[in-house]
Amino acid sequence: MGLQKLTFKNKEGQTLVGRLELPADRYPHNFAVFAHCFTCNKNLLAVKNIGKALTAHGFGVLRFDFTGLGESEGDFADTNFSGNVADLVAAANYLKENYQAPTLIVGHSLGGAAVIYAASEIPSIRAVATIGAPSNPVHVKHLLKSGLDEISTTGKAVINLSGRDFTIKKQFLDDLETKSLPETVKNLRKPLLILHSPQDTTVGIKNAEEIYIAAHHPKSFVSLDNADHLLSKKEDSQYTGKVIAGWAQRYVDMIPETGGLRSKHQVVASLNKEDGFTTAMRIGNHYYTADEPLEVGGNDFGPSPYELVSAGLSACTAMTIQMYTKRKGWEVDNVEVHTTFGRTHAVDCEACETDSAKIDTFHREIKLTGNLDEKQRARIMQIADKCPVHKTLHNEVQVITKLIANE
């Protein structure tokens, strides 16, 4: 599973290129379509981070390049807002025909306006989320103000947007003028989540208010305080993705896993080549992200592998202590187990050949809250060393590895 490159046709027969990101080792409970911002593409870091947050919650996410952008075919100069909406409908149809009809649609900036229009044309959509969306598509004209006179006079102009030159034709502006987003929102009648930053200088917060007022309940607003329009800080895009995932699960059917795609193993880690160290994981019936710290080249999106091992030792220790003390009838209100991993110089190690030899070391500290005497506390410390994970770390361990053939 993981990340899959795919292509599909728009209504003009042009090939659009996308990435379908799927949860590790499971079939998604729902599929989502993501619409990127004006002149952006599917690989914008914020788009990828939001997608990863959704897949971590069991969604499959299709992000793709609109016509004329990124890897997709077509000339951007010949596109317009209506074409973006049609591309979204084509993406939804592709998912319906090849996977499962999408139930969630998410859009950023002008893509947020586009998903509202597209949602009314995609029957399967159950929930709509917008991020920094304008309350009317014509709002994008202020980004083009440097060339509006030239477009009016000659029918087109080359305009620099975010460091890149784009040819904008008069038909693009004419198409924007035909769209009334407030009326479309009013008639949408689907759950709507509006996320917007009060500090957004590209699309002001007033736009979120206008969309919210026009929409019918159920509708929700979440402030992305201190975020910029492009969600360039990773913590902003990660937060946005988590909020959307949590909100959407109230409105979509959480289809239980059939188990058809799951392996027989308790833990599965899946890492795409473009993701550095950021690894999607299934641990039992739960989904997490593992990563490495920034200082070693990771994104710090999740715990490191050794932190996960330390977490297993901490959790097992706490469970073992509580299980033992409950059986004894001892009063232990809370157990805290603090564990760190490192390599320290060996002490009294017969196998060590030099004084500089180091061994893997887990430093574990235990805090007990409850009415206990010193004898009970001493016995609990002995029991801590008997937890199954502790024993495993002390046992001789073998790892048997085999290659799984691609299907």
Side-chain angles (χ1 to χ4, degrees), residues 1-7 17-34 36 41-65 70-71 95 98-99 106 231 233-242 244-245 257 259-313 315 341 360 397-407:
M1 299 298 281
L3 189 66
Q4 302 177 9
K5 182 176 181 178
L6 54 82
T7 61
V17 179
R19 298 290 188 276
L20 181 61
E21 191 151 16
L22 301 169
D25 199 45
R26 70 161 288 176
Y27 194 80
H29 55 67
N30 284 270
F31 281 82
V33 177
F34 195 107
H36 60 70
N41 61 59
K42 65 182 180 304
N43 294 322
L44 184 73
L45 185 59
V47 175
K48 295 168 70 174
N49 287 346
I50 293 169
K52 286 184 180 300
L54 289 169
T55 55
H57 286 78
F59 286 88
V61 182
L62 171 58
R63 47 185 169 90
F64 68 96
D65 295 323
E71 299 177 89
L95 286 177
N98 295 276
Y99 295 88
V106 182
L231 304 181
K233 292 187 294 186
K234 70 174 185 180
E235 55 265 33
D236 292 329
S237 53
Q238 287 179 300
Y239 170 75
T240 298
K242 292 175 183 176
I244 294 172
E257 293 188 55
L261 293 177
R262 289 176 57 134
S263 76
K264 62 183 180 181
H265 297 288
Q266 297 165 319
V267 176
V268 176
S270 175
L271 178 59
N272 300 315
K273 67 177 182 180
E274 64 180 46
D275 290 335
F277 294 113
T278 306
T279 305
M281 298 192 68
R282 175 180 65 78
I283 303 177
N285 292 322
H286 308 281
Y287 296 85
Y288 298 94
T289 299
D291 210 332
E292 290 285 3
L294 295 173
E295 57 266 26
V296 297
N299 290 306
D300 200 27
F301 285 174
S304 71
Y306 276 116
E307 287 171 335
L308 288 169
V309 175
S310 299
L313 177 59
F341 170 84
D360 292 338
V397 176
Q398 63 177 346
V399 179
I400 301 171
T401 305
K402 68 176 184 178
L403 186 65
I404 300 176
N406 292 328
E407 296 180 356

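Nothing fancy with the numbering, it's 1 onward along the sequence.
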Could you list the donor-acceptor pairs under 3.5 angstrom formed by side chains in residues 295-303, with sequence neighbours left out?
| unit_1 | atom_1 | unit_2 | atom_2 | d |
| --- | --- | --- | --- | --- |
| Asn299 | ND2 | Thr278 | OG1 | 3.1 |

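In this structure, NZ in Lys52 is found 11.5 Å from OG in Ser237, a value given to the nearest 0.5 Å. Rounding to the nearest 0.5 angstrom, the gap separating the CG atom in Leu6 from the CG atom in Asn98 is 8.5 Å. The line from CG of Leu271 to OG1 of Thr279 is 4.0 Å long, rounded to the nearest 0.5 Å. For the atom pair Leu95 CG and Asn30 CG, the distance stands at 11.5 Å (nearest 0.5 Å). Rounding to the nearest 0.5 Å places NZ of Lys233 at 12.5 Å from CD of Gln238. Taken from NZ in Lys242 to CG in Leu54, the straight-line distance is 12.0 Å, to the nearest 0.5 Å.
Residues Leu313 and Val309 form no side-chain contact, since every pair of their non-hydrogen atoms from C-beta on lies 4.5 Å or further apart.
Annotation: ring-ring contact (aromatic ring centres under 6.0 Å, His included) contacts of Phe64 (sequence neighbours excluded): Phe8, Phe66. By the salt bridge (charged side-chain N to carboxylate O under 4.0 Å, His left out) test, Lys48 pairs with Glu274, sequence neighbours left out. Applying the side chain to side chain donor-acceptor pair (under 3.5 Å) criterion to Lys402, with sequence neighbours excluded, gives no partner residue. In this structure, the side chain to side chain donor-acceptor pair (under 3.5 Å) partners of Glu71, at least two apart in sequence or on a different chain, are Lys5, Arg19, Lys42. Evaluation of the ring-ring contact (aromatic ring centres under 6.0 Å, His included) rule for Phe31 yields Tyr27, Tyr99 as partners, not counting sequence neighbours.
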Problem - Verdict with reasoning, Leu231 to Leu44, per side-chain contact (heavy atoms from CB on, under 4.5 Å) - result: CA-CA 10 Å; Leu231 304 181; Leu44 184 73; over 6 Å; no
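Side-chain atoms of His36 never come within 3.5 Å of backbone atoms of Asn43 as a donor-acceptor pair (strictly under, hydrogens ignored).
The two residues Pro23 and Pro28 have their closest heavy-atom pair at CD-CG, 3.7 Å. Listed here is the closest heavy atom pair of Ala290 and Leu308: CB-CD1, 3.9 Å.
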